[in-house]
Amino acid sequence: MSIAVRNLTKIYGTQKALDSISFQTGPGDILGFLGPNGAGKSTTMKILTCYLPQTSGSATVCGFDINKQSVEVRRQIGYLPELNPLYTDMFVKEYLLFSAEAQGLGKQAGKRAEEMIERVGLTPERKKKIGQLSKGYKQRVGLAQAMLHNPKVLILDEPTSGLDPNQVVEIRNLIKEIGKDKTVLFSTHIMQEVEAMCNRVIIINKGKLVADESRESLYKFLKADVRITVEFTQPVDIALIKQLPAVQQVKQEGARYIITCGRDIREHISSVAMQHRWILLSMQLEDNSLEEVFQKLTTQ
């Protein structure tokens, strides 16, 4: 396993920021790390990157213990914090060369800097000062710096925060490409990113792990509640819809009806429509969105 966390706990005074969380992830995983503000996401990332000691529990990165082998752990990790610390007066290539030498890459520093400039799409901006770059390109510089030493694990804290829609798509595609041969753990508040990129999702709430599932399994987690949207040519008798099996709630919007029920009852809806000669324009089964799952798991 690239990352193995066992009963990790962090206490600040009387506040328990992390409450005995455990999870594992391996190569090829792009793991979305979700939770409300203050849930413990950044605390977990700081502990895994050896910036912060845990109160109890343990964690390993590529088999190295975060307490006993912290130097080796750092060699395995590329870290991009939420506030990307860059030297804005340095040129892009100059900064990456400086970072590569600081990481002990020696004669490989120049080669690795060039490789990362090309891989993250910085070639057109390589001769600019970092302070002249857009936020999207600054994020690319941060990613390039995090990958200079070819780490096996990337930990990214809110990597698309503050970016415009085009920049979000660019960084999202880059992370998907990187995730093909590395383990990527990233936090975000943007549900569409998780739906587009992740094969696994972890949700924590008030320091406790409330979900650790594949994206598909998480959708099924709350699939007991089904929503069906039906539209007729004109309003129909809502009482007859409410009498159908497993119906919990019916919301009417003119000739459009949003039906919440315990299972898929589209066949019953079609039958009652034919029986009463209601002309059916459309009928759509709506799956639970990740945002709905997130809200239900973090508002309990």
Side-chain angles (χ1 to χ4, degrees), residues 1-10 15-26 28-49 51-52 54 57 59 61 77-84 139 143 146 153-163 165 168-169 171-176 178-179 182-223 225 287-300:
M1 288 292 154
S2 300
I3 299 174
V5 173
R6 303 176 191 87
N7 302 317
L8 202 62
T9 298
K10 179 64 180 179
Q15 181 184 359
K16 190 175 282 188
L18 289 179
D19 190 357
S20 192
I21 69 168
S22 300
F23 65 90
Q24 294 182 339
T25 185
D29 277 344
I30 301 181
L31 179 60
F33 199 43
L34 308 179
N37 289 331
K41 303 186 301 297
S42 292
T43 297
T44 303
M45 291 180 164
K46 288 176 182 177
I47 291 173
L48 290 175
T49 53
Y51 280 81
L52 189 69
Q54 75 271 38
V61 177
I77 289 176
Y79 179 42
L80 179 64
E82 182 178 1
L83 299 176
N84 188 2
Q139 288 295 82
L143 279 171
V153 176
L154 274 177
I155 295 180
L156 314 174
D157 195 355
E158 301 280 355
T160 61
S161 176
L163 303 186
V168 167
V169 171
I171 297 299
R172 178 190 299 170
N173 290 338
L174 180 57
I175 291 172
K176 286 173 68 175
I178 292 167
K182 298 185 185 298
T183 299
V184 179
L185 171 65
F186 79 97
S187 68
T188 181
H189 288 149
I190 304 173
M191 298 298 121
Q192 294 91 334
E193 286 187 2
V194 178
E195 292 175 329
M197 286 190 289
C198 295
N199 53 25
R200 278 185 60 202
V201 180
I202 284 180
I203 301 177
I204 61 173
N205 185 39
K206 298 177 182 178
K208 294 184 178 181
L209 191 147
V210 294
D212 179 3
E213 304 282 349
S214 69
R215 189 181 59 210
E216 291 76 16
S217 296
L218 196 58
Y219 289 144
K220 293 176 184 177
F221 184 81
L222 296 176
K223 200 154 187 176
D225 291 335
D287 290 329
N288 291 298
S289 69
L290 184 58
E291 186 171 350
E292 289 173 308
V293 175
F294 176 83
Q295 288 175 340
K296 289 187 179 183
L297 289 173
T298 57
T299 55
Q300 297 175 354

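Just so we're clear, the structure is a prediction, and the values are computed from it rather than from any experiment. Just so you know, residue 1 is the first one in the sequence shown, and it goes up from there.
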Where do Ile204 and Val210 land on the side chain to side chain contact (heavy atoms under 4.5 Å, CB included) test, with the steps shown first?
CA-CA 5 Å; Ile204 61 173; Val210 294; 5.9 Å; no
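Remark: the backbone N or O of Phe186 is not paired with any side-chain donor or acceptor of Lys41 at under 3.5 angstrom. Looking only at distances, no side-chain donor or acceptor of Ser20 sits under 3.5 Å from a matching main-chain atom of Thr9. Side chain of Asp29 to main chain of Thr183: no donor-acceptor pair is present (N/O by atom type, distance under 3.5 Å, no hydrogens or angles).
The salt bridge (charged side-chain N to carboxylate O under 4.0 Å, His left out) check on Lys176 picks up nothing, with sequence neighbours excluded.
Leu143 places a side-chain heavy atom less than 4.5 Å from the side chain of Leu156. By the 4.5 Å heavy-atom criterion applied to side chains, Val5 and Leu48 are counted as neighbours.
The distance from atom CZ of Arg6 to atom CD of Gln24, rounded to the nearest 0.5 Å, is 6.5 Å. Considering CD1 of Ile202 and CG of Asp212, their distance stands at 4.0 Å, rounded to 0.5 Å. We find the CG-CG distance between Leu209 and Leu18 to be 10.0 Å, quoted to the nearest 0.5 Å. The line from CG of Asp157 to OH of Tyr79 is 5.5 Å long, rounded to the nearest 0.5 Å. The distance from atom CG of Leu31 to atom CZ of Arg200, rounded to the nearest 0.5 Å, is 5.0 Å. Considering CG of Leu185 and CD1 of Ile3, their distance stands at 5.0 Å, rounded to 0.5 Å.
Here the shortest heavy-atom pairing between Gln139 and Thr160 reads NE2-N, 4.3 Å. Minimum heavy-atom separation, Gly32 to Cys198: N-SG, 3.3 Å. A pairwise comparison of heavy atoms in Gly179 and Val184 identifies CA-CG2, 3.8 Å as the closest pair. Across Gln54 and Leu8, no two heavy atoms sit closer than the pair CB-CD1, 3.8 Å. Of all heavy-atom pairs spanning Ala146 and Leu154, the tightest one is CB-CD2, 4.0 Å. Nearest heavy atoms, Pro159 versus Ser187: CD-O, 3.4 Å.
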